[in-house]
Amino acid sequence: MNFKERLFLAAQYLLPHHALSRLIGLAAECRAEWFKNPLISWFVRRYQVDMSEAEIGNPHAYEHFNAFFTRTLRDGARPLDSMPGAILSPADGAISQLGPIEHGRIFQAKGHSFSVLELLGGDAEMAAPFMGGQFATVYLSPKDYHRVHMPLAGTLREMVYVPGRLFSVNGFTAENVPELFARNERVVCLFDTERGPMAVVLVGAMIVASVETVWAGLVTPPKRALRHFRYGEATRSPIQLDKGAELGRFKLGSTAIVLFGPEQVRWAEGLAAGSAVRMGQQLAAPQA
């Protein structure tokens, strides 16, 4: 590790994560053209954002940076895999890791793993169905489309807001910050699907101003404390989302982790750490 890398890693621990993210979040909502237009133009050039895929191709037509960052795509830009039973990638990005959940832990990077129980907020009952199951971690880079979609059709059972830090989630920090994804702020979404319970975990990161879901809007409780939101027929109308439907979005990028129970899915051939993925492509197939 060189000096620059050591300095970056040290800053991850020393910076005031939430204060910095709130400040950047305010700037990202600025509507002044003299501020937001140069910022968006710089971002498009710096990260080579493909605006031809966007529903609104003119980057200056967005009311602020966050509107640009969470832009919708034009119809047909992300066709859904048509194979019966296909489990879809929930987002554009790259596979950070995928594979089996062993001894209740998820592989993060060489020498590092994290607990399923901790990832899901410490709820043993929620974590139990995923023991011995499968996981896939998808990293969304700055240039990517930042809406997250359903890998399978499902009925929402529970959402959990888990407070935490906001470390960067790039490859370097994944290799050097122990239990990274179980330490960062996150929103756990638990669904009932044709393949049994499915969890989609939206993990916050440095300068991620907020996480939103389509049913609850902005998910940032006034007090950063563990919160459970249960959805069922006894309390309200069931929230059902089709395969490929939008689930939520990141205001500035991060990571989505998908969990399935044992003997439910097998990952698509050729996918491995570092593989590029696009929302809607086949991520896995049903276990035979």
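In what follows, every heavy atom counts, from backbone to side chain, and hydrogens, waters and symmetry copies are set aside. Predicted, not measured: the structure shown is a model, and the values here were computed from it.
Placement of F250 and L73 in two distinct hydrophobic clusters is found when ILVMFWY residues are connected by side-chain heavy-atom separations under 4.5 Å, directly or transitively. The hydrophobic cluster containing W267 also contains M198, counting ILVMFWY residues as joined when their side-chain heavy atoms lie under 4.5 angstrom apart, directly or transitively. L117 is not connected to F107 by any chain of hydrophobic side-chain contacts under 4.5 Å among Ile, Leu, Val, Met, Phe, Trp and Tyr, and they are in different clusters. Follow the hydrophobic side-chain contacts under 4.5 Å out from L80 and you never reach L241; the two are in separate clusters. Hydrophobic clustering, with ILVMFWY side chains joined whenever heavy atoms are under 4.5 angstrom apart, keeps Y145 apart from Y62.
Under the side chain to side chain donor-acceptor pair (under 3.5 Å) rule, D92 has a single partner from K143, R78, Q281, which is R78.
Of all non-hydrogen atoms in A272 and L98, the two that sit nearest each other are CA-CD2, 3.9 Å. When all heavy atoms of A182 and R186 are compared, the closest pair comes out as O-NH2, 3.2 Å. In this structure, C189 and T213 approach most closely via the heavy-atom pair SG-CG2, 4.4 Å. Annotation for G132 and P262: closest pair O-CB, 3.4 Å, computed over non-hydrogen atoms. Shortest non-hydrogen contact noted between A86 and D81 is CB-OD1, 3.6 Å. Here the shortest heavy-atom pairing between G204 and N184 reads O-ND2, 2.9 Å.
When the shell of 6.0 Å around CG of D75 is examined, it contains 12 or fewer heavy atoms from other residues, nucleotides or ligands.
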Quick one: do H228 and D123 satisfy side chain to side chain contact (heavy atoms under 4.5 Å, CB included)? Show the steps, please.
-> CA-CA 10 Å; H228 286 258; D123 187 326; 3.6 Å; yes
Check the pair T70, E212 against side chain to side chain contact (heavy atoms under 4.5 Å, CB included), reporting the backbone distance first and the verdict last.
-> CA-CA 11 Å; T70 59; E212 294 183 1; over 6 Å; no
Please report the C-alpha distance between M159 and Y231 in whole Å, then the side-chain angles of each, then the deciding distance to 0.1 Å, and finally whether the side chain to side chain contact (heavy atoms under 4.5 Å, CB included) criterion is met.
-> CA-CA 8 Å; M159 179 177 75; Y231 300 82; 3.7 Å; yes
Please lay out, stage by stage, how L120 and L190 fare under the test side chain to side chain contact (heavy atoms under 4.5 Å, CB included).
-> CA-CA 10 Å; L120 300 183; L190 183 65; over 6 Å; no
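You'll find the side chain of M150 stays beyond 4.5 Å of the side chain of K243, heavy atoms only. A 4.5 Å side-chain heavy-atom check between H149 and L88 finds every atom pair outside the cut-off. For the pair F260 and Q287, the minimum side-chain heavy-atom distance is 4.5 Å or more. Looking at heavy atoms from C-beta onward, L140 lies out of side-chain contact with T255 at the 4.5 angstrom threshold. In this structure, V200 and L247 have side chains that are in contact, with non-hydrogen atoms separated by less than 4.5 Å. Taking the side chain as every heavy atom from C-beta outward, V201 and V162 never approach each other to under 4.5 Å. For the pair P178/H112, a side-chain contact is recorded, criterion being any heavy-atom separation below 4.5 Å from C-beta on. Contact annotation: the side chain of P163 never approaches that of R227 to less than 4.5 Å [non-hydrogen atoms, C-beta and beyond].
A distance-only check finds no donor-acceptor pair linking the side chain of Q282 to the backbone of M83 [under 3.5 Å]. Distance alone, capped at 3.5 Å, is enough to place a donor-acceptor pair between the R74 side chain and the S52 backbone.
To the nearest 0.5 Å, the span separating CE on M51 from CG on N58 amounts to 7.5 Å. Summarising the geometry, atom CD belonging to E246 is positioned 9.5 Å from atom CE belonging to M279; distances are rounded to the nearest 0.5 Å. Between the CH2 atom of W215 and the CZ atom of F229 there is a distance of 11.5 Å, given to the nearest 0.5 Å. To the nearest 0.5 angstrom, I257 atom CD1 is 8.0 Å from S96 atom OG. One distance of note links CD1 of I40 with CZ of F65; it measures 7.0 Å at 0.5 Å rounding. Here the CG-OG1 distance, from D192 to T155, works out to 6.5 Å after rounding to the nearest 0.5 Å.
The pair R105-E118 does not count as a salt bridge, with every side-chain nitrogen at least 4.0 angstrom from each carboxylate oxygen. Between K36 and E63, none of the side-chain N atoms (NZ, or NE/NH1/NH2) sits under 4.0 Å from a carboxylate O, so this pair counts as no salt bridge.
Geometrically, R71 engages F68 in a cation-pi contact, judged by NZ or CZ lying under 6.0 Å from the ring centre and within 45° of the ring axis.
F69 and H146 have tilted rings, their planes meeting at an angle from 30° to 60° on a 0 to 90° scale.
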